[in-house]
Amino acid sequence: MMVYDVAVLGATGIVGQRYVSFLSKHPWFNLVQVAASDRKAGMKYGSAVSWFIEDPMPSDIADLKISRAVPQDFKGIDIVFSALPTEVAKEVEMQFVKNGFSVFSDTSPYRMEPSVPLVIPEVNPTHLELLKVLPSKFGGILVKSPNCTSNVLSLSLKPLIDIVQELKLVNVVSLQAISGAGYTGLYSMSIHDNVIPYIKGEEEKLSTEPRKILGSIDGNEIVQRNLWIEATTTRVPVIDGHTVVVHVLVERDVDLDLVLKAYEEFSGIPQKLNLPMAPKKPIVLRNEYDRPQPRLDRNLEKGMAVSVGRFRLYKTGGVSVIKYVATGHNTIRGASGNTILNAELAVALGFLKK
Ligand code: NAP
């Protein structure tokens with residue numbers, strides 16, 4: 001396998017540190033450049049970052065000099081991973097794309113643009129086909145990962161959609177971790193001993209992104225799935241791991257055993273291709289009455305598995321309500337890990353030539 005030289009924008013942040021940790025030991029990707037804000041440009045990564053994730057800071061990366069996030073400072077980079085703040089991502093990522101770079105990003109700008117793939121590799125790998133035409137439109141490549149909660153919801157809905165096809169209504173309440181707000185996102189005084197019943201912009205993302213992810217390709221665009229999602233998003237005092245409580249209304253009789261079997265057996269292309277970042281099981285079904293729980297389940301499969309459980313079925317007059325709870329690691333499956341897996345899939349499918 002050929003080795004690709006890669007860079008991370010926003011490398012000192014919560015998501016950026018996850019990238020650094022995974023990429024420092026990646027078999028295909030060689031992390032050679034890191035960028036942060038101009039305030040830190042020129043400093044050594046090791047002295048510029050407040051390292052706070054469990055894995056030790058990779059010593060070779062600690063010596064890298066931090067770059068500015070401008071394309072002219074990135075020569076010979078095959079893949080650019082972006083964990084930039086939303087406010088700067090739109091302009092900066094597009095500058096890289098226009099300069100011919102392949103950008104894999106977990107930020108929100110362009111996620112809903114119909115010609116830009118928004119991908120969870122186990123759910124909609126075929127959307128990467130858009131990469132065949134993207135360079136002629138933009139100059140380079142842009143692949144987006146979903147919002148962290150949209151990821152957990154969309155992945156956890158996929159086995160159900162595979163067997164019942166049409167969902168009438170998805171009603172979801174999220175319990176989102178503190179790290180989802182970024183390193184400087186929340187005051188501890190506001191979240192400690194508390195639940196905050198509102199996260200700006202999150203309900204809009206959660207009720208629209210799954211429609212695109214679960215949609216289909218038509219020519220050079222994604223057509224959204226006709227899917228009604230009602231969402232309430234909340235912040236809870238959990239460090240990592242977003243949980244969603246989901247009630248799905250289906251206008252037909254559903255067999256709960258078939259649903260559970262679909263979850264038990266669910267697998268995707270990353271598993272078939274045995275990609276380095278792929279979990280053995282992207283969805284892990286828990287049968288205990290009190291699982292999944294973020295603290296116990298978020299690190300399963302290096303944080304790449306979404307755990308589901310508490311399946312219940314209510315039926316009345318030809319209508320079924322399937323109820324379940326899902327938990328996934330927001331900065332890994334919900335960000336860096338999903339995005340690295342997207343890049344691996346693009347390489348494996350031949351969309352990224354060196
Ligand atoms: P974060 O902890 O606040 O990190 C932000 C990073 O961007 C830092 O490396 C920061 O560098 C850099 N930065 C700040 N201003 C910049 C500028 N003007 N130009 C270039 N770089 C700049 O944020 P995060 O939680 O990692 O989130 C990063 C992105 O991922 C966001 O767009 C977020 O929406 C998305 N996302 C986050 C999660 C999550 O669970 N946290 C999940 C999915 C997606 P300095 O150290 O120099 O300030």
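When a residue number appears, it is its place in the shown sequence, counting from 1. As the structure lists them, so they are numbered: ligands from 1, and atoms in each ligand from 1.
When atom types are taken as modelled, the side chain of E301 and the backbone of K281 share a donor-acceptor pair closer than 3.5 angstrom. Judged by distance alone, the side chain of S207 and the main-chain N or O of A231 form no donor-acceptor pair under 3.5 Å.
Distance from atom 37 (C) of ligand 1 to its nearest protein heavy atom, with residue and atom name: V15 CG2, 3.5 Å. Atom 36 (N) of ligand 1 has its closest protein heavy atom at D106 O, 3.8 Å. At the top of the distance list for atom 15 (N) of ligand 1, counting protein heavy atoms only, stands P85 CG, 3.7 Å. In terms of protein heavy-atom proximity, atom 40 (O) of ligand 1 is closest to N330 ND2, 2.9 Å. Ranking the protein heavy atoms by distance from atom 3 (O) of ligand 1 puts Y183 N, 3.9 Å first. With hydrogens left out, the protein atom closest to atom 19 (N) of ligand 1 is S37 CA, 4.0 Å, a heavy atom. In terms of protein heavy-atom proximity, atom 18 (N) of ligand 1 is closest to V88 CG1, 3.4 Å. Among all protein heavy atoms, the one lying closest to atom 6 (C) of ligand 1 is G10 CA, 3.7 Å.
Taking both residues in full, the closest heavy atoms of A35 and F74 are given as CB-CZ, 3.8 Å, listed atom of the first, atom of the second, then distance. The heavy-atom pair separating N338 from P146 by the smallest distance is ND2-CD, 3.9 Å. Looking at every heavy atom in both residues, A177 comes nearest to H242 through N-ND1, 2.9 Å.
No side-chain heavy atom of P121 sits less than 4.5 Å from a side-chain heavy atom of M277. Contact of the Q176 side chain with the V238 side chain is not registered, since no non-hydrogen atoms from C-beta on lie closer than 4.5 Å.
Separation of atoms CD1 (I178) and CD1 (I239) is listed at 4.5 Å; rounding is to 0.5 Å. Note that CG of D257 and CZ of F311 are 12.5 Å apart. Values are rounded to the nearest 0.5 Å. Between the NZ atom in K90 and the CD atom in Q95 there is a gap of 13.0 Å [rounded to 0.5 Å]. A distance of 5.5 Å separates OG of S145 from CG of D106, quoted to the nearest 0.5 Å.
Contacts with ligand 1 closer than 4.0 Å are made by backbone heavy atoms (N, CA, C, O) of A11 only, the side chain lying farther away. Contact annotation: for E87 versus ligand 1, there are no heavy atoms closer than 4.0 Å. Neither the backbone nor the side chain of L9 comes within 4.0 Å of ligand 1, counting heavy atoms alone. Under 4.0 Å from ligand 1, heavy atoms of I14 appear from its side chain as well as its backbone.
Backbone and side-chain nitrogen or oxygen atoms of T107 are examined, and none is located within less than 3.5 angstrom of a nitrogen or oxygen of ligand 1. Every N/O-N/O distance between T184 and ligand 1 stays at or above 3.5 Å. Looking at A69 next to ligand 1, no N or O pair under 3.5 Å apart turns up. The shortest N or O to N or O distance between K40 and ligand 1 is under 3.5 Å. In terms of polar-atom proximity, A181 is not counted as a contact of ligand 1, lacking any N or O under 3.5 Å from an N or O of the ligand. Polar contact with ligand 1: present for L84 (N/O pair, distance under 3.5 Å).
Proximity to T331 (heavy-atom distance under 4.0 Å) selects the following atoms of ligand 1: 39 (C), 40 (O), 41 (N). Residue A36 approaches ligand 1 through these ligand atoms, each under 4.0 Å from one of its heavy atoms: 11 (O), 20 (C), 21 (N), 47 (O). Less than 4.0 angstrom separates some heavy atom of A335 from each of these atoms of ligand 1: 42 (C), 43 (C). If you number the atoms of ligand 1 from 1 as listed, the ones under 4.0 Å from a heavy atom of T86 come out as 32 (O), 34 (O). Heavy-atom contacts of A83 reach the following atoms of ligand 1: 6 (C), 7 (O), 28 (C), 29 (C) (cutoff under 4.0 Å).
Within the structure, salt bridge (charged side-chain N to carboxylate O under 4.0 Å, His left out) contacts touching residues 312-330 (residues at least two apart or in different chains) do not occur.
Proximity of S179 to ligand 1 is established by a heavy-atom distance of less than 4.0 Å. Using a 4.0 Å cutoff on heavy atoms, G334 counts as a contact of ligand 1.
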- Item | Step-by-step side chain to side chain contact (heavy atoms under 4.5 Å, CB included) determination, I79 to F29 | CA-CA 9 Å; I79 300 172; F29 301 150; 3.6 Å; yes
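Between the side chains of N220 and S115, no donor-acceptor pair is found at a separation under 3.5 Å.
The presence of a protein heavy atom under 4.0 Å from atom 31 (C) of ligand 1 is confirmed.
Here T12 pairs with nothing under the side chain to side chain donor-acceptor pair (under 3.5 Å) rule; sequence neighbours left out.
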